[in-house]
> 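Got a structure for you, questions after.
Below, all heavy atoms of this structure are taken into account, side chains as well, without hydrogens, waters or symmetry copies. Count residues from 1 along the sequence.
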Amino acid sequence: MKAKWISSIITGALLLTLANPAFAADERDLEDELIYDVLVDRYFNKKIDNDYEVNAIDPSSFNGGDFDGMASELLFVKEMGFTALSIGSVFSTATYDGKSVLDYTEFERHFGTEEEFQTLVAEIHDQDMKVIVDVPTQQVNEDHVWTAENPEWFAENEDGSLALDTANSEVQEALISTFSEFSETYQIDGFRLQNADQLNPDFVLAFSEAIKAVRDSYILSDREMPETPGFDAVVLPGVEETLRAAYKNFDQDLTEISSIMEESEDSLIQVDSLIGSRFTADIVAENGFPPTRWTLLLTQLLTMPGIPVVQYGSESAMNGTELPESHQILDLAVDKELVDHITDLTSLRNSSEALRSGELEMLHDEDGWLVYKRSNDEETWIVAINNSSSTKSINLSADTIGDGQELRGLFESDIIRQEDNGEYRITQDREIAEVFHVTEETKLNTAYIATLAIMYVVFMLFLWVVWRKGKQRKADAAAKKTAGKTVQ
């Protein structure tokens, strides 16, 4: 019921006022994207003939997910409102996560064939989503095909894996040539460079320019790092630690959130990543209730400035303190509570330019309560997240909201109107997140109400007349009956 109610609000009152409703993939910029981050092996296993020594109960082994399985279950991601699917590394590898690359020119046999990958990309595009592929270069396998002829291209890591020297001009040329051809052949929409903070900056820029010369593509970082030429977006430094610390339990200090939000525009923002522990592990360590904690944090993540990256399993509060425990198989039959909340929020963001790229104004960030405004010339939103253990109230001035407006809560169904003193008073229960749409106050149609009142009075008079006539008929009938008996 809740999701249907949100959809009706968006379709009716909201979309009529939005300047830029949801639009097609080729019209979206990076700031418009919502990225769902997943690994092919952990998505869905459809084919048995590529299950080479698969062990679905061993988290460190290949579990069987493949290109066909992902293609067959894309609606799971599409219906949650995501616009881009980051599918990890797809190349021949010794490990399920694709990082231990053996050959960049071959697809991992557990995942499927070239034809099956082409089908997957086509299906993603048919769903009006974009596809992003990871490029691991700093933890490749010791038996990588390039090591035989070019051992000088590599340096050995402490764990025995190899790192390509991206400062080497020959390495740069080989990688750029390989992935330019890959992009042209398979029509990929973007690449995420792994261990991005370890890459040579000249390589990043040259790689980006070469790929974009093939086709318009996103070049993304997987790590928190300063902005670097060549990357369209990097993960905002400090964003994961700040969000996790703020929402792992109630009554946390939210003041750092304000600083992060002031810096997050045009950056990738996330609370989890696929290289470590899950946010749910932090919640469990605090003896918290994961659905509540995730609801508040997702409201924050999907309404603040930046480009959200949501890791698979967030919709089921996936747990895990380290790899591979935090890479569980995707649960497609998950309880719908968080799925519906994500869907509601992505529906709002996809339909609202103000929530994607509008101005930010912090209104309150004390005592575990965060209130902020997202707006542009066409629309205004107020986001209120009460992460405290008590009910909170705040008065917002007409300078902030405007005169003659009302705040319509999209989750708790609150309607807040201007009071006699000209202010708008928001009162919010503990551990509740709400998104208010600011619209002109709905005025009562007095003529309509008067007409209804007159019709009601007329109808009641009609009923009274009918009743009186019926009563009179009964009295007349009784009188006639009495008179007849008297004559006899």
Side-chain angles (χ1 to χ4, degrees), residues 37 39-42 53 55 58-63 86 88-106 108 110 133-176 178-179 191-204 207 219-226 228 230-231 234-241 244 268 270 272-279 281-282 309 311 319-328:
D37 193 13
L39 301 170
V40 173
D41 182 68
R42 296 319 202 218
E53 299 178 354
N55 187 348
D58 181 1
S60 64
S61 298
F62 283 93
N63 284 182
S86 176
S89 175
V90 298
F91 313 104
S92 178
T93 177
T95 55
Y96 73 88
D97 59 5
K99 291 184 176 180
S100 187
V101 177
L102 294 162
D103 189 345
Y104 293 120
T105 64
E106 298 287 339
E108 170 50 44
H110 289 88
V133 172
D134 283 355
V135 178
T137 62
Q138 301 302 292
Q139 291 179 308
V140 302
N141 194 273
E142 60 183 358
D143 293 324
H144 192 286
V145 293
W146 288 349
T147 59
E149 294 185 5
N150 306 103
E152 72 280 5
W153 288 4
F154 298 87
E156 186 173 357
N157 298 316
E158 292 183 0
D159 63 359
S161 64
L162 301 181
L164 276 161
D165 179 11
T166 55
N168 183 308
S169 59
E170 292 182 343
V171 171
Q172 292 182 12
E173 183 179 347
L175 287 170
I176 289 171
T178 298
F179 288 101
F191 291 103
R192 184 171 59 177
L193 302 183
Q194 296 290 286
N195 301 97
D197 54 345
Q198 301 173 26
L199 301 179
N200 177 269
D202 292 336
F203 162 69
V204 173
F207 182 90
I219 306 299
L220 307 178
S221 157
D222 72 325
R223 299 296 174 97
E224 296 184 3
M225 59 187 292
T228 302
F231 284 119
V234 301
V235 181
L236 178 68
V239 66
E240 290 185 36
E241 181 182 359
R244 291 170 78 136
L268 300 172
Q270 57 191 38
D272 275 349
S273 68
L274 297 184
I275 60 175
S277 70
R278 293 301 189 109
F279 174 54
D282 295 358
V309 182
Q311 282 63 41
N319 201 353
T321 56
E322 60 184 14
L323 306 182
E325 179 191 13
S326 55
H327 288 171
Q328 300 166 31

> Can you sort out the partners of D165 under salt bridge (Lys or Arg N to Asp or Glu O under 4.0 Å), two or more places apart, ordered by chain and number?
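None.
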> Report yes or no: does N63 contribute a side-chain atom to a donor-acceptor pair with the main-chain N or O of D58 at less than 3.5 Å?
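Yes: the side chain of N63 pairs with the backbone of D58.
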> Side chains of L220 and F231, heavy atoms from C-beta outward: is any pair under 4.5 Å?
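A side-chain contact under 4.5 Å is absent here.
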> Between the side chain of N195 and the main-chain N/O of T137, is any donor-acceptor distance below 3.5 Å?
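No, the answer is negative, given that no donor and acceptor are paired below the 3.5 Å cut-off.
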> Go through the structure and list residues passing side chain to side chain contact (heavy atoms under 4.5 Å, CB included) with D134, not counting sequence neighbours.
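Partners of D134 under the side chain to side chain contact (heavy atoms under 4.5 Å, CB included) test: S86, S89, R192, Q194.
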> With side chain to side chain contact (heavy atoms under 4.5 Å, CB included) as the test, pick out the partner of L199 among V204, V135, L164.
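Checked V204, V135, L164 against L199; only one passes side chain to side chain contact (heavy atoms under 4.5 Å, CB included): V204.
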> Quick one, E152 and N150 - any side-chain contact, counting heavy atoms below 4.5 Å?
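A side-chain contact exists here, since the closest heavy-atom pair is under 4.5 Å.
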> Is there a donor-acceptor pair closer than 3.5 Å between any side-chain N or O of E108 and the backbone N or O of T93?
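At least one qualifying donor-acceptor pair exists.
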> May I ask you to decide if P59's main-chain N or O and H327's side chain share a donor-acceptor pair within less than 3.5 Å?
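Such a contact is absent between H327 side chain and P59 backbone.
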> Does E240 reach the side chain of Q270, with side-chain heavy atoms less than 4.5 Å apart?
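Side chain of E240 against side chain of Q270, heavy atoms only: contact under 4.5 Å found.
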> I want to check something: taking the side chain as every heavy atom from C-beta on, are S60 and P324 in contact at a cut-off of under 4.5 Å?
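Yes. Closest side-chain heavy atoms under 4.5 Å.
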> When you measure from the side chain of R244 to the backbone N and O of R278, does any donor-acceptor pair fall under 3.5 Å?
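Yes; judged by distance alone, with no hydrogens or angles, the pair exists.
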> Can you find a heavy atom in the side chain of Q138 that is under 4.5 Å from one in the side chain of D197?
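A side-chain contact under 4.5 Å is absent here.
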> Which distance, rounded to the nearest 0.5 Å, do you find between the CZ of F62 and the CG of D41?
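F62 atom CZ to D41 atom CG measures 6.5 Å (nearest 0.5 Å).
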> Under the side-chain hydrogen bond (donor to acceptor under 3.5 Å, both in side chains) rule, collect the residues that match up with T228, sequence neighbours excluded.
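Result, side-chain hydrogen bond (donor to acceptor under 3.5 Å, both in side chains) vs T228: none returned.
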> Would you indicate whether E173, at its atom CD, is surrounded by more than 12 heavy atoms from other residues, nucleotides or ligands within a distance under 6.0 Å?
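Check fails, neighbour count at 12 or below.
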> Under the rule for side-chain hydrogen bond (donor to acceptor under 3.5 Å, both in side chains), what residues qualify as partners of R223, not counting sequence neighbours?
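Listed in chain order: nothing, the list is empty.
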> With rounding to the nearest 0.5 Å, note down the distance linking CZ in F207 to CG in D202.
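That separation rounds to 15.0 Å.
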> Show the nearest heavy-atom pair for residues P136 and G98, with the distance to one decimal.
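Answer, listing the atom of P136 first, then G98: CG-O, 3.7 Å.
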> Tell me, yes or no, whether the heavy-atom count around Q198 atom CD, taken from other residues, nucleotides or ligands under 6.0 Å, exceeds 12.
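Atom CD in Q198 is crowded, with more than 12 foreign heavy atoms closer than 6.0 Å.
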> Report the residues that fulfil ring pair (Phe, Tyr, Trp, His ring centres under 6.0 Å) with W146, sequence neighbours left out, ordered by chain and then residue number.
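Testing W146 for ring pair (Phe, Tyr, Trp, His ring centres under 6.0 Å), a comparison that skips the adjacent residues, returns Y104, H144, W153.
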> Tell me, please, which residues at least two apart from D143 pass side chain to side chain contact (heavy atoms under 4.5 Å, CB included).
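Applying side chain to side chain contact (heavy atoms under 4.5 Å, CB included) to D143 gives L102, N141.
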> Any non-hydrogen side-chain atom of Q139 less than 4.5 Å from a side-chain atom of D159?
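Answer yes - side chains close enough.
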> Taking atom CZ of F203 and atom CD1 of I176, what is their separation to the nearest 0.5 Å?
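Here the rounded value is 6.0 Å.
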> Distance-only, no hydrogens or angles: does the Q328 side chain make a donor-acceptor pair with backbone N or O of N319 under 3.5 Å?
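Present.
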> Compare every heavy atom of A196 with every heavy atom of D222, then report the nearest pair and how far apart it is.
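The answer is OD1-N, 3.0 Å.
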> Rounded to the nearest 0.5 Å, what separates atom CG in D97 from atom CD1 in I275?
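Answer for the CG-CD1 pair, D97 versus I275, is 11.5 Å.
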> So which atom in S221 and which in L268 form the shortest heavy-atom distance, rounded to 0.1 Å?
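Smallest interatomic distance, heavy atoms only, reads O-CD1, 3.5 Å.
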> Kindly say whether S277 contributes a backbone atom to a donor-acceptor pair with the side chain of S326 at under 3.5 angstrom?
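No; judged by distance alone, with no hydrogens or angles, the pair does not exist.
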> Could you tell me whether the side chain of H110 reaches within less than 4.5 Å of the side chain of Y96, counting heavy atoms only?
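No. Closest side-chain heavy atoms not under 4.5 Å.
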